[in-house]
Amino acid sequence: MKISAPRGTFDILPEEALRWRWLEAAIRRVFDYYGYQEIRTPVFEHTELFQRGIGETTDIVEKEMYTFNDKGGRSLTLRPEGTAPVVRSYVEHKLYSKGGITKLFYMGPMFRQERPQAGRFRQFHQFGVELLGTESPLADAEVITVAVELYKELGLTDLEVLVNSIGCPACRKKYQEDLFSRLSSLQELCESCLRRLEKNPMRILDCKNPRCRELTKDVPAVTDYLCPACRDHLEKTLSFLDKAGIDYRLEPRLVRGFDYYTRTVFEVINAGLGAQNAVCGGGRYDHLVEEIGGPPMPGVGFASGMERLILTLEQQGKFAGFSSAPQVAFAVLDETLAADGFALATRLRREGLTVEACLEVKSLKAQMRAAGKLQAKFVVILGEDEWKDGQVSVRRMADGEQWRVDREEVCRFIKDLLDRDSSGREQERGSFS
RNA sequence: GUGGGCGUAGCUCAGUUGGUUAGAGCGCCAGGUUGUGGCCCUGGAGGUCGAGGGUUCAAAUCCCUCCGUUCACCCCA
């Protein structure tokens, strides 16, 4: 019985890892511009954090958490999302005591025990931002803007931004009650909607079942129930987005799954992804900090799924031309020259060239084939003939042109040639880190 | 957790109504030059046909169970 990666997990193999590195670098670059500072929290937390933060009745807490007891009998949970841990850390280290606004970002693996499907895994990766310490709708607008501008920076197109407000607990309560009384008579709703009716009637609004959509077509929107303050907050947020030229669609049926959201909620979706089409989800959480034991402190944030982004980037052809090809490969023709070849390769690396040394002395043909497969730009050949004259051969693989070069000059020689045709648009190894 | 599709070489897949040593393309390795890659040619390695059980003279092919995978539901990134 062969051992494979656990269900819902996957290996990121070298070719794929190149793409991840590129994406991670782009994300960090954009967050730098916007002044978000990285925070790294543990991958597991006390179970209680998520129970209190995300909400006891949410699906995540009810059935999707990887929870275990450590040897001291404490219940720990692999983090299913990033906001609660970041807020915990914010409270634990009293980051609010510096006063003003705190802007943080995180990136890393999350864990949820669900059945895998397209764009959904058990270990998956998210990055996200949390903007804490202000109730201003400018903060809502900024958080949405960071996401949108980041995706633009990645070169993504055809994304759609959905925005809504689910109000504060006060106006939402009234809405939920009205919704319940209107819908509780409708027995033709789908099974899951009948369950939602008890648990969270608002979720019925974003049911994908066409029949349910038809039945709830004329139901009033949450936005009709917003109190004056919440209404004002929404309108300002939208107007800031308008002014900044951020396209969005006001979607009154947009509801999100976590209990901690208040007022603004939003999503960025990509139709090409299949059923799991959300690439980003977020919103405002004005009571979460308090819930976790901190002072009353408002916040907004989003989380974005990296697997889904990479899938989208692949579909949109944004990964063409990635390569880890070395600039130089070595071919050594005789065992007696192995040490000299190894030493020369080391010198070239010290001079800053990416070099694949010769690790197995085989036929020149085999070594050339290997160099060709690596897509090396140049091959340095150590043969007895040239070595006894203090030289090596340097072959340019693109056109097969070949020179004899003094071994002391090799590095200079190759660098000159590389500079001359460095019009290449290819992503060289490490160039984006 | 529920439902559907799919499991044959490293990869993508053929495999006729069950019937001799299970195939192709690509990839890999080697050779076609005494020291030269990509194209071409030749040869080679590589499979407990997902696993277990059953039916049969005979199973990759039919039946059952399990496992894996994939898509969808629930929910979400």
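Every heavy atom of this structure was used, including side-chain atoms; hydrogens, water molecules and symmetry mates were not. All of these numbers come straight from a predicted model, not from anything done at the bench. All chains are named by letter (A, B, ...) in the order of the sequence lines, taking the proteins before the strands, and each is independently numbered beginning at 1.
- The 5' end of RNA chain B is approached more closely, in terms of each residue's nearest nucleotide, by Gly274(A) than by the other of Arg308(A) and Gly274(A).
- Taking the charged nitrogens against the carboxylate oxygens, Glu251(A) and Arg253(A) have no contact shorter than 4.0 Å, which rules out a salt bridge.
- Computed from coordinates, the Glu15(A) CD to C11(B) P distance equals 15 Å when rounded to whole Å.
- The partner of A14(B) cannot be assigned: no Watson-Crick or G-U wobble pair with both contacts below 3.5 Å exists in any strand.
- For Gln117(A) and C73(B), the shortest distance from a side-chain N or O to OP1 or OP2 is below 4.0 Å.
- With a cut-off of 3.5 Å on both Watson-Crick or G-U wobble distances, the partner of U48(B) is given as none.
- Residues Phe266(A) and Asn164(A) have side chains not in contact (no heavy-atom distance under 4.5 Å, counting atoms from C-beta outward).
- With RNA chain B read from its 5' end, the first of the two nearest nucleotides for Ile381(A) and Arg115(A) is the one closest to Arg115(A).
- Checked against the 6.0 Å centroid threshold, Phe10(A) and Phe121(A) count as a close aromatic pair.
- For the residue pair Tyr66(A)/Gln123(A), the side-chain donor-acceptor check at 3.5 Å is not satisfied.
- Closest to the side chain of Asp385(A), out of G1(B), G35(B), A77(B), is G35(B).
- G1(B) is paired with C73(B) under the Watson-Crick or G-U wobble criterion, all donor-acceptor distances under 3.5 Å.
- The phosphate of A77(B) (OP1 or OP2) has a side-chain N or O of Arg256(A) nearer than 4.0 angstrom.
- Taking only side-chain atoms of Gln276(A), from C-beta outward, the nucleotide of G31(B), C29(B), C74(B) with the closest atom is C74(B).
- U65(B) and A58(B) are spaced 23 Å apart, taking the C1' atom of each and rounding to whole Å.
- Within the structure, every side-chain polar atom (N or O) of Lys362(A) is placed at least 4.0 Å from both OP1 and OP2 of G35(B).
- The pair Asp399(A)-Arg396(A) counts as a salt bridge, with a side-chain nitrogen and a carboxylate oxygen less than 4.0 angstrom apart.
- For the C1' atoms, the distance from C13(B) to G7(B) is 13 Å, rounded to whole Å.
- OP1 or OP2 of G37(B) sits under 4.0 Å from a side-chain N or O of Lys365(A).
- Using atom P as the reference point in both A51(B) and G44(B), the two lie 27 Å apart (nearest Å).
- Residue Lys373(A) places at least one side-chain N or O under 4.0 Å from the OP1 or OP2 atom of C28(B).
- Phosphate proximity of C76(B) to Arg112(A): absent, as no side-chain N or O sits under 4.0 Å from OP1 or OP2.
- Nearest nucleotide to the side chain of Ala118(A), out of A77(B), G68(B), C71(B): C71(B).
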